[in-house]
Amino acid sequence: MLPILTAEEMSRADRAAVELLHTDEARLMELAGRETSRVIRESFETQESGLEGLAFLIVCGKGNNGGDGFVLARHLLNLGAEVDILLIYPSETLSELNREGLAIIEAYASNTERIRIFNSHDEALPFVAERLYDGIVDAILGTGLQLEAENIELKNPVKQAVELVNSIRERSSAVTISLDLPSGLDATSGFSSLPAVQADLTVCMAYLKTGFFFNRGPALSGELHVAEISIPEFLVRQSKCRLTDKEFAAENFLLRDPYGAKHTNGKLLVIAGSENSRSSMLGASLLAAKAAIVAGAGYVSVSLPPELAGPLHTFAPSATVTGRDIESILEKAAWADAIVIGCGLGREQETIELLHRLLENPVIASKKLVLDADALFALTEDGFSFDTAQFQDILLTPHAGEFSRLSGLSVDEIQAGPLEAVRRYAAEAKVNVLLKGNPTCITDPSGNAIINNSGTEALSTAGTGDMLSGMIGALAAKGVDTFHAGAAAAWFHGRAGDLANDVSSLVSSEDVLRAIPEAIAEVFFAEEE
């Protein structure tokens, strides 16, 4: 899995490359510019003549991001492109290293007419306004911007430069390429300034940044490419955040033993579903159970009121039914490898009391537990003391509203900094937490975090959360701890949403359910190929 770094972690890695590996900023800058030119060439090139005849505008700030832009300009020229460079600060304000990079470009300008250098926004405006560019390169700010909130206004000349980049993009077909991250985006939080560059493509240096995944990050960054600039992964061991991928999902989907049986391939108890005179939430238990079955659980038993057994047997014939009384549940809990509790369970007082008794029981506490939906509601009711010390392996799977009840944070506070919020809660409560959303954040009490961004708005439909719980339960029952089961199931769940329908807004939970086997099979077939 790829590491995901905060701005501070990336800064430490840069320093470590210089201090421990005896590289220098010039070498890192050279690699950044060259790698970006490779990405651009692959994105634009349609013939063997390189980038000949294509025109680029590179807007350069005074920091290392601008220095990367100078290097990129040279490589684009070497590939046959025409390049205009806009310096948004006077050249005398540049660092010595950047002045050296600019001097090389000035030497190019003395020998070729394919480059123009503009020393200010006002100087450039008449020329860039009339030229049709194929690409605009944002080399203005980089990772140095830190924002306390959304929409903090930029000051000139940076504001003018960002507005110029966006205006050219809006009035033409030019592709906007940001170096490292879009200028105006906070690399850690994903907060954005006013204005901020709207990139079509971002070439991220060395490692992904957390800001790409939260708040305005996904909307501003466009297509992400990671440039290898010789900062090895052993320099970022301090980072505890990773991004799910196919390989991770495959590693945590345990295939059945060819000589095993149903009892050895994951026994899952699902305590879910309810019905009363006012409402029915039987569907939640059906979806959770069926998702667990299609995700490979060897044996699934569902604790339901006995009168609901018929619909379950019709929808999922391979599942068995266990009663809803505490004695039946505890007997089946002793049998199970993992237990999912909460999907559509209801919020009746007797149900809440039952949940409290279950969570206080050592048989339940000794199992891998996945608590979702109404089980999470019960944790906050009637002064229940949630003593996590007794649990062997437990995962809570709230959405933002449920997490607000658990943590005491407002939904706005959670959405502004979801990763920090769940990390803090997981550490304090000593539980694993999977915060549903786009992206999904999975954390453990030690601060390890996994981000999953598979899937789209296709999953924004009733019932998909119940299926995710069932899938997590299946992976956990087969032998994976709940932290990794949650992250891997989230990846498969998201991929199933992608495969469910070509039109994401038409996807139903039933469509996702049917696509789960395809999402799983796709991973293993791809590996075999």
Side-chain angles (χ1 to χ4, degrees), residues 29 32-33 36-37 40 44 51-142 144-145 154-180 182-184 193 195-201 203:
M29 206 172 278
T36 302
S37 72
I40 291 175
F44 282 83
L51 300 177
E52 186 174 345
L54 299 183
F56 294 86
L57 171 65
I58 305 178
V59 184
C60 296
K62 63 181 178 181
N64 286 357
N65 203 239
D68 294 344
F70 295 149
V71 175
L72 172 62
R74 173 161 44 86
H75 285 285
L76 293 180
L77 287 166
N78 293 342
L79 290 170
E82 298 176 9
V83 178
D84 286 347
I85 291 181
L86 166 56
L87 305 177
I88 68 171
Y89 290 96
S91 58
E92 58 269 20
T93 66
L94 301 180
S95 67
E96 181 179 352
L97 179 59
N98 281 5
R99 286 199 300 272
E100 291 173 0
L102 178 59
I104 296 173
I105 294 301
E106 289 171 337
Y108 266 71
S110 299
N111 290 277
T112 177
E113 295 181 351
R114 287 188 292 110
I115 182 168
R116 297 185 296 184
I117 301 171
F118 303 109
N119 292 295
S120 70
H121 176 272
D122 291 343
E123 180 185 330
L125 202 54
F127 298 93
V128 301
E130 65 182 20
R131 186 167 193 179
L132 292 178
Y133 293 102
D134 298 283
I136 318 151
V137 178
D138 158 30
I140 302 169
L141 288 178
L145 184 67
L154 293 175
K155 297 180 180 179
N156 284 330
V158 172
K159 180 181 178 181
Q160 283 183 322
V162 170
E163 289 174 339
L164 177 64
V165 169
N166 286 341
S167 67
I168 296 175
R169 177 181 182 273
E170 289 168 4
R171 65 174 170 80
S172 71
S173 59
V175 175
T176 298
I177 305 114
S178 286
L179 300 189
D180 216 1
S183 291
S193 62
V197 167
Q198 176 65 64
D200 298 300
L201 185 155
V203 183

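We count residues from 1, following the sequence as given. Any value given below was found using the heavy atoms of this structure, including those in side chains, with hydrogens, waters and symmetry copies removed.
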Take a 6.0 Å sphere around CD of Glu92 and say whether it holds more than 12 heavy atoms from other residues, nucleotides or ligands.
yes

How long is the straight-line distance from [atom2] of [Y] back to [atom1] of [X], given to the nearest 0.5 Å?
X      : Y      : atom1 : atom2 : result
Tyr108 : Asn78  : OH    : CG    : 3.5 Å
Ile177 : Ile136 : CD1   : CD1   : 8.0 Å
Ile58  : Asp138 : CD1   : CG    : 11.0 Å
Ile88  : Ile140 : CD1   : CD1   : 5.5 Å
Gln160 : Asp122 : CD    : CG    : 6.5 Å
Leu77  : Leu51  : CG    : CG    : 10.5 Å

Does Asp68 use its side chain to pair, donor to acceptor, with the backbone of Ala139 at less than 3.5 Å?
no

Minimum-distance pair of heavy atoms, taken over all atoms of [X] and [Y]:
X      : Y      : result
Gly142 : Ser183 : N-OG, 4.3 Å
Gly61  : Leu94  : O-CD2, 4.3 Å
Ala199 : Ser178 : CB-OG, 3.5 Å
Ile85  : Ala73  : CD1-CB, 3.6 Å
Arg74  : Ile105 : N-CD1, 3.8 Å
Pro195 : Leu154 : O-CD1, 3.2 Å

Can you list the steps and then say if Leu87 with Leu102 is a side-chain contact (heavy atoms from CB on, under 4.5 Å)?
CA-CA 10 Å; Leu87 305 177; Leu102 178 59; 3.9 Å; yes

Between Asn98 and Met29, is a side-chain contact (heavy atoms from CB on, under 4.5 Å) present by the stated rule, with each step listed?
CA-CA 10 Å; Asn98 281 5; Met29 206 172 278; 3.8 Å; yes

For Ser172 and Tyr133, run side-chain contact (heavy atoms from CB on, under 4.5 Å): C-alpha distance rounded to whole Å, both residues' side-chain angles, the deciding distance at 0.1 Å, then the answer.
CA-CA 8 Å; Ser172 71; Tyr133 293 102; 6.0 Å; no

So, using side chain to side chain donor-acceptor pair (under 3.5 Å) as the criterion, who are the partners of [X] when residues are at least two apart?
X      : result
Asp200 : Arg169
His121 : none
Arg114 : none

Results of salt bridge (charged side-chain N to carboxylate O under 4.0 Å, His left out) for Arg116 - residues two or more places apart only:
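Arg116: salt bridge (charged side-chain N to carboxylate O under 4.0 Å, His left out) contacts with Asp84.
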
Acceptor/donor pairs from residues 161-168 side chains to any protein atom, 3.5 angstrom cut, sequence neighbours excluded:
residue, atom, partner, partner atom, Å
Asn166, OD1, Gln198, N, 3.0
Asn166, ND2, Ala196, O, 2.9
Ser167, OG, Glu163, O, 3.2
Ser167, OG, Leu164, O, 2.9

Non-neighbouring partners of Phe56 that pass ring-ring contact (aromatic ring centres under 6.0 Å, His included), sequence neighbours left out:
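With sequence neighbours excluded, Phe56 shows a ring-ring contact (aromatic ring centres under 6.0 Å, His included) to Phe44, given in chain and number order.
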
Could you give me the CA-CA distance, side-chain angles and deciding distance for Glu106 and Ile117, then say whether side-chain contact (heavy atoms from CB on, under 4.5 Å) is met?
CA-CA 8 Å; Glu106 289 171 337; Ile117 301 171; 3.8 Å; yes

